[in-house]
Structure formats: structure tokens, C-alpha cells
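See below for the structure under consideration.
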Amino acid sequence: MLKNHVTYVLFLLLLPMTSSALELRIFGTIGIQSEAVLPHSAANNDYIALRDIYTRVALHVEQKLTNDLVIESVLEMPFDTANMKVQHVWDQKKDVTDTTQRIAKLKLTSKEYGSIWVGKGWVPYYNEISAVVDRFSSFYVGYATYSTLREDELLVYTSPDMRGWVLNLARARGNGDREENGSFDDRDQVTLSYSNQGTKLAIGVEDIGGINDRKVLGVSLAKTIGSFYIGAKYERNDSDIENKNFLGYDNSIAKNLYLEYTMGQQKLKAHIAKVEGFGESIFHLGYSYQLNEKTTLFAEYYREQRGAAIASARGGFRETYWDEGGKAFAVGFSYSFDVNLFN
């Protein structure tokens, strides 16, 4: 269970601090935006409010065991600055995940054999397939995909880089869809990527299982050409779900195109997507300015045809306007910090 993973994290903190191979640091991000939101339905009022942008603080411990072997542990907690609570800004009532921690994992890395980690953390499918089109600064990231972002009870193996090729295998125990008997299936993922000279191509499969035997198949492409970055993604659901009002219905697809242009400390961003069953037509524009090494300022416009991300003021999953979606104008900042406590 995840509680045990947190215990492991705390155990690593008790490692002798006399070793020159041990590193202890605290890091995180503080982010908040002011937004004007206009729901598509007249039944919900327009509003102006503050919203947190995934503020978190984390403790990282790393111990070099041999020249080739490193063990590390991360415990990362969320803090909703707009509501002044220790909670996930979107999953405020733990409807999607039953844990408060954003990340709580143990990882063992070998240059020769790759890495393996256990606990709660980012899933490989999101990192390899979805993240290539998910590069905005505001709250409105992570919604134009069928993938979850993080899972608990997760075991992940990542191969070493083999001339640009990287393989990921993952299983999140009991985090798939519900079975006929009421229990939850495992969530399995396989991804394979190839990177070379500014180009990255990845394919992935997420087997969510359950009574509807749902799978998500995805492919992504990312390319950097001078000051331009281009990201594209295609996903398709393979399931026994026939009702198009339900997420993951059979043959539903997500198509995304993301463009970014960098001018010194400034970035211009644009994203168009069609995510059937979740947001539908999505349009996103953004501007960001890197004020200094730690601080980013931004302004963004986000629009979704149906419900995915747009919710009531400072609300989350339960308060999402599922039927109608809406649009939002947001301006805000993020500040990152990273402090070595022991090295």
C-alpha cells in the first residue's frame, strides 16, 4: 500500500548523513492564476477568481550505493493556495485518487540496466505520449488526453537509453476500471520511444481493463527546429463501450497539434485538439515570459466544447461543468525553488 511507500521515504531520511554520496534537498513550485471564466451554459454564472496551479513541495533523498547504482526517494505534497488547503487542486475530494500525496516513490537506477521504481508517480504513457502537447503554464494542462497523469500502487521499469531507444513497462495495481465483481482491474502500460537530433517518436498502450475491457492506443511526435517546437499526438480507445456519452467509448479518438515559438525569454504557444468524449473541440493559446531562472509569468486563453477542465470558482472534479464546458482567460505566475539541505 502507498502508506508503506511513505514509510520507506521516511526511512531513507534516517540514513547516515556522514556519507559524501548522500544528497538531501527540498524543491517545489508555487503557482497561482487570476481567471475570468465563462461557462457555455446560461445556467452557470460567469466569474472572476483565483485558482491554484498545482503548487507542491517535495523532499528528495538520493544515495549513491556503487559507481553504477543509485537509490532515491521522493515525497511530494500538494497545497491548494486558492483554497488554502493541503489537497489536490483538481481532485479536491479524492474522487479519482484516494491519496493526498502527489508523488511518493522509491527508485533504483543503474546506468547499465535502467531504473525501477515503486510507489505513486507520473505514469510512462503520459510522459511519452501525452506530455508532448501539454506544455502550457496555467491550470489548464493535462486535460486533452485519455491518460491519467499519476497513479499509486505503481511499479515502473525504464530501460537504459539504447542508441535513442527507451522502453517503459508499468503496472498500477488495482487502478484500472471496475470489474463485474466490483473489484478494480490493474492498469498496465507499455511505451517505446526513439529520440534523435531534436526528434522524438513514441508509441504506447494503456490497458485499463475492467468490465468493458478498455485499452488506449497512442502515438506521438515531437520535433524541435531552431526556435520552433512542434508536438502531435493521436490516441484511440478500444473498448466494449457503445454509448457515446461515456468516456472511453469504442473507437473514440483524440487528435492534438501543439506549436511553440521561443524568442529569448518569451514563448508563444498554440494548441488545437479534438478529444471525443472528454472536452471535444479544444483551443488553447498562451504567452509566457521567463522573468528569471525561477519565475515565469504567463497569459492564456482556453476553450473547451464540453466538460473536462472548466469548473466553478476554485472548484475541482466535482464542480466541473461536464455537459457544457466553457472558456477561460488566465494570467498568473509560477515560482520554482530547489534547496540542497545536505550534499
Look at the side chain of N175 and the backbone N and O of D152, then say whether any donor-acceptor pair between them is shorter than 3.5 Å. yes
Is the number of heavy atoms from other residues, nucleotides or ligands under 6.0 Å of N67 CG greater than 12? no
Does the E35 side chain pair with the main chain of R51, one donor and one acceptor, at a distance under 3.5 Å? no
Minimum-distance pair of heavy atoms, taken over all atoms of Q92 and G315: NE2-C, 3.5 Å
For S110 versus D68, what's the shortest heavy-atom pair and its separation? OG-OD2, 2.5 Å
Heavy-atom check, side chain of N168 versus side chain of Q189, under 4.5 Å: no
Could you tell me whether the side chain of E76 and the main chain of I103 form a donor-acceptor pair under 3.5 Å? no
Dump the intermediate steps for side chain to side chain contact (heavy atoms under 4.5 Å, CB included) on V57 and I30, then the final yes or no. CA-CA 8 Å; V57 61; I30 301 168; over 6 Å; no
For M77, is there any backbone N or O sitting under 3.5 Å from a side-chain donor or acceptor partner on T100? no
Kindly state whether the ring of Y146 and the ring of Y125 have centres lying under 6.0 angstrom apart. no
Heavy atoms of K94 and T99 approach each other most closely as CE-C, 4.2 Å
Under a 3.5 Å distance rule, please check whether S239 uses its side chain to pair with a backbone N or O of G248 as donor and acceptor. yes
Over all heavy atoms of both residues, which pair between G209 and D177 is shortest? Give the atoms and the distance, please. O-CB, 3.8 Å
Chi angles and distances behind the side chain to side chain contact (heavy atoms under 4.5 Å, CB included) call for I211, D185: CA-CA 9 Å; I211 191 172; D185 210 338; over 6 Å; no
Less than 4.5 Å apart, side chain to side chain, heavy atoms only: is that true for E23 and H60? yes
Can you name the nearest heavy-atom pair linking Y143 to W90, along with the distance? OH-CD1, 3.4 Å
Carboxylate-amine/guanidinium contact K274 E280, below 4.0 Å: yes
Might you confirm whether atom OH of Y47 has over 12 heavy atoms from other residues, nucleotides or ligands at distances under 6.0 Å? yes
Any Lys/Arg nitrogen of R314 or E319 sitting under 4.0 Å from an Asp/Glu carboxylate oxygen of the other? no
Is K215 salt-bridged to D213, going by a charged N under 4.0 Å from an acidic O? yes
Checking the side chain of T55 only, and the main-chain atoms of G31 only, is there a donor and an acceptor separated by less than 3.5 Å? yes
Within the side chain of E300, is there an N or O that forms a donor-acceptor pair under 3.5 Å with the backbone of S138? yes
Step by step, would you call T262 with K267 a side chain to side chain donor-acceptor pair (under 3.5 Å)? CA-CA 4 Å; T262 301; K267 290 181 185 287; 3.2 Å; yes
Any donor-acceptor pair under 3.5 Å linking the side chain of D52 with the backbone of Y54? yes
Evaluate E206 against S147 for side chain to side chain donor-acceptor pair (under 3.5 Å), listing each step before the verdict. CA-CA 8 Å; E206 182 176 44; S147 173; 4.6 Å; no
Verify the neighbour count for atom CZ of F337: are there more than 12 heavy atoms of other residues, nucleotides or ligands below 6.0 Å? yes
Contact between W117 and L106 at the side-chain level, heavy atoms closer than 4.5 Å - yes or no? no
Using a strict threshold of under 4.0 Å (side-chain N to carboxylate O), is an ion pair present between R173 and D186? no
Testing Y302, Y301, F298, Y287 one by one against F329 for a ring pair (Phe, Tyr, Trp, His ring centres under 6.0 Å), which residue passes? Y301
Mutual orientation of the aromatic rings belonging to Y229 and Y258 [parallel < 30°, tilted 30-60°, perpendicular > 60°]: perpendicular
So, for H284 and Y140, is the gap between ring centers shorter than 6.0 Å? no
Whether the S252 and N237 side chains hold a donor-acceptor pair (N or O, under 3.5 Å, no angle test) is what I'd like checked. yes
If you draw a 6.0 Å radius around NZ in K223, do more than 12 non-hydrogen atoms from other residues or ligands fall strictly inside? yes
For F27, is there any backbone N or O sitting under 3.5 Å from a side-chain donor or acceptor partner on R56? no
How about I203 and V190: do any of their side-chain heavy atoms sit closer than 4.5 Å? no
Take a 6.0 Å sphere around CE of M84 and say whether it holds more than 12 heavy atoms from other residues, nucleotides or ligands. no
Residue pair F228 / L259, side-chain heavy-atom distance below 4.5 Å: no
If I compare all heavy atoms of A313 with all of A49, which pair ends up nearest, and what's the gap? CB-CB, 3.9 Å
Given 3.5 Å as the limit, does a donor-acceptor pair link the side chain of E276 with the main chain of I253, or not? yes
